[in-house]
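First listed ligand is number 1; within each ligand, the first listed atom is number 1. Numbering of residues begins at 1 and proceeds along the displayed sequence. These values consider heavy atoms only, across backbone and side chains, with no hydrogens, waters or symmetry-generated copies.
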Amino acid sequence: MRVLVIGRGGREHAIVWALSRSPRIGKLYCAPGNAGIAQLAECVAIAENQFEELAAFAKREEIDLVFVGPDDPLSEGIVDYLEERGIRAYGPRRNAAEIEGSKVFSKQLLKTYNIPTAAYEAFDDYEQALAYVRSQPLPIVIKADGLAAGKGVIVAQTLEEAEEGLRGIMVDGRFGRSGSRVVIEEFLTGQEMSLLSFVDGTVVRPMVPSQDHKQVYDGDKGPNTGGMGTYSPVPHIPASVVEEAIETIVKPTAEAMVKEGRPFRGVLYAGLMLTEQGPKTIEFNARFGDPETQVLLPRLETDLLEIVLATLDGTLGDLDIRWSDEAAVCVILASGGYPESYPKGLPITGLAEVKDALVFHAGTARKDGEIVTDGGRVLGVVGRGRDIAEARQAAYAEADKIRFEGKHCRTDIASKALQA
Ligand code: AMP
Ligand code: GLY
């Protein structure tokens with residue numbers, strides 16, 4: 001088969017890596033890809049939002065399947081666009097991707113169908129939002145309605161922080177149009193867990209659980225990022241809690257989307273808080289997580305391409321999907337300054353010395369034959385082992401060999417799993 005993956009991050013490198021292992025792959029392309037992806041697939045210089053060029057390429061190259069990685073093109077309806085032109089594509093259509101693209105929509109859906117989530121109110125008027133914030137207990141959580149690269153959420157501990165955050169989103173337009181509406185919600189406490197599932201309508205095939213580290217500094221300090229590291233499994237979360245989340249959140253949500261006339265087909269990512277009252281939804285994403293994918297796909301024993309094809313053929317429910325018992329830990333190496341501004345184009349050395357880990361490129365490019373930094377999150381180093389301790393040891397030992405100016409990583413990825 002001839003397959004085109006859309007995207008350029010660590011998630012897409014992991015997807016390309018998994019697909020490249022399928023015996024059914026004849027030719028693999030990635031648009032636009034990065035320097036790491038280029039080692040496994042032919043990279044094509046077309047951006048994720050150039051639908052016309054992507055469709056023309058898919059037609060010309062007789063692509064059998066397009067796999068869409070990121071949220072932006074999904075929210076903009078790339079799957080509808082390709083399907084209308086007779087091109088098979090994996091991922092939710094626009095009306096289903098809205099579960100990620102609009103927090104107001106997803107909160108309303110959860111409320112309507114009584115699916116556990118934080119209590120909330122939505123506002124498009126700044127003065128009303130401000131008055132509400134002032135009337136609520138602290139901490140309080142403020143979210144821009146639309147997509148904001150994982151950074152549109154403010155967990156305010158003080159009223160000053162809350163007011164400043166609200167002003168930034170609604171008045172100063174920090175997230176552009178994404179911030180013209182906000183969701184203001186109750187602060188939840190507990191362990192966080194990412195639970196992704198392969199979904200086709202009401203058929204839900206959960207993956208193994210994982211945990212992300214959103215804040216930039218050790219001890220969950222500093223601003224939120226796209227994710228600084230992940231691990232899977234999450235040994236301190238009992239299987240019964242995962243099962244409860246599947247039954248009370250993931251399956252009812254898939255069913256609700258069907259009832260709403262927006263059947264979800266693709267990867268549904270539930271961000272969960274395991275509270276004392278049981279699992280509650282923090283957010284949904286309409287795609288694989290980044291960097292969750294980097295620890296999930298190395299544990300997937302079944303051919304990813306078979307899962308995708310079964311979804312498109314309507315036979316996902318019949319497929320045997322197997323996961324390995326081994327653990328995986330991903331440590332993100334980020335540019336100095338991320339998630340604020342950071343330099344690009346800095347040479348990366350030591351990649352060839354890495355022997356005992358998978359390295360998924362996130363923001364890299366090739367310049368004059370050299371691999372250089374090209375994004376906030378630069379690389380994801382994935383260690384594997386019999387347990388989290390072993391996988392973590394491998395990830396950090398190998399990450400140490402890689403160097404670039406300003407390199408920053410958290411040193412406490414997966415430590416919660418060791419303390420438990
Ligand atoms: P989101 O982009 O919605 O996943 O939010 C980013 C991060 O903000 C989450 O991973 C949580 O750590 C935190 N967060 C979001 N909503 C809440 C909430 N209601 N209570 C506590 N923390 C939250
Ligand atoms: N790791 C968080 C996300 O992919 O949204």
_For Gly226, state whether at least one heavy atom is located under 4.0 Å from any atom of ligand 2._
yes
_Does Glu276 have more than 12 heavy atoms from other residues, nucleotides or ligands lying within 6.0 Å of its CD?_
no
*Does a side chain donor of either Ser232 or Arg299 reach within less than 3.5 Å of an acceptor in the other side chain?*
yes
*Is Asn285 close to ligand 2, meaning an N/O of one under 3.5 Å from an N/O of the other?*
yes
*Interfacing atoms of ligand 1 (cut-off 4.0 Å, heavy-atom, Ile282)*: 3 (O), 4 (O), 15 (C), 16 (N)
*Atoms of ligand 2 close to Asp212 [distance to a heavy atom under 4.0 angstrom, numbered from 1]*: 1 (N), 2 (C)
_Could you work out, for atom 5 (O) of ligand 1, the closest of Val153, Val155, Ile142 by heavy-atom distance?_
Val153
*Taking non-hydrogen atoms only, is Gln294 closer than 4.0 angstrom to ligand 2 via side chain, backbone, both or neither?*
neither
*Do the ring planes of Tyr132 and Phe123 sit parallel (below 30°), tilted (30 to 60°) or perpendicular (above 60°)?*
tilted
*Any side-chain donor-acceptor pair under 3.5 Å between Tyr269 and Glu292?*
yes
*Going by the atom numbers of ligand 1, which of them fall below 4.0 Å from some non-hydrogen atom of Val141?*
16 (N), 17 (C), 18 (C), 19 (N), 20 (N)
_Quick check on Gly289 - does any of its heavy atoms sit under 4.0 Å from an atom of ligand 2?_
yes
_Below 4.0 Å, non-hydrogen atoms only: which portion of Met273 touches ligand 1? Side chain, backbone, both or neither._
side chain
*Would you check the N or O atoms of Gln215, main chain and side chain alike, for any that come under 3.5 Å of an N or O of ligand 1?*
no
*Interfacing atoms of ligand 2 (cut-off 4.0 Å, heavy-atom, Glu292)*: 1 (N), 2 (C), 4 (O)
*When you look for heavy atoms under 4.0 Å from ligand 1, do you find them on the side chain of Asn224, its backbone, both, or neither?*
side chain
*Classify the side-chain pair Thr364/Asp374 by whether it contains a donor and acceptor separated by less than 3.5 Å.*
no
*Exam field: side chain Asp387 to backbone Glu390, donor-acceptor pair closer than 3.5 Å*: yes
*Does a donor on one side chain sit under 3.5 Å from an acceptor on the other, for Thr311 and Asp200?*
no
*Between Tyr113 and Glu260, does any side-chain donor sit less than 3.5 Å from a side-chain acceptor?*
yes
*Ignoring hydrogens and angles, state whether a donor on the side chain of Lys344 or Ser335 is under 3.5 Å from an acceptor on the partner side chain.*
no
*Show which atoms of ligand 1 fall inside a sub-4.0 Å distance from at least one heavy-atom site of Lys103.*
2 (O), 3 (O)
*Should you measure from each heavy atom of Arg287, which atoms of ligand 2 turn up under 4.0 Å away?*
3 (C), 4 (O), 5 (O)
*asked:* Less than 3.5 Å apart, any donor N or O on the side chain of Gln191 or His236 sitting next to an acceptor on the other?
replied: yes
_With no hydrogens and no angle check, just 3.5 Å: does a side-chain donor-acceptor pair link Gln294 and Asp290?_
yes
*Got an N/O contact under 3.5 Å between Arg11 and ligand 2?*
no
*For ligand 2, which atoms sit closer than 4.0 Å to a heavy atom of Tyr269?*
1 (N), 2 (C), 3 (C), 4 (O)
*asked:* Taking 4.0 angstrom as the limit and counting only heavy atoms of Phe187, give me the atoms of ligand 1 inside it, by number and element.
replied: 20 (N), 21 (C)
*asked:* Using a 3.5 Å cut-off on N or O atoms only, is Leu188 in polar contact with ligand 1?
replied: yes
_Can you check which of Lys143, Glu185, His213 brings a heavy atom nearest to atom 3 (O) of ligand 1?_
Lys143
*Go through the side-chain N and O atoms of Asp212 and Ser194 and say whether any donor and acceptor fall under 3.5 Å apart.*
no
_Using a 3.5 Å cut-off on N or O atoms only, is Asp290 in polar contact with ligand 2?_
yes
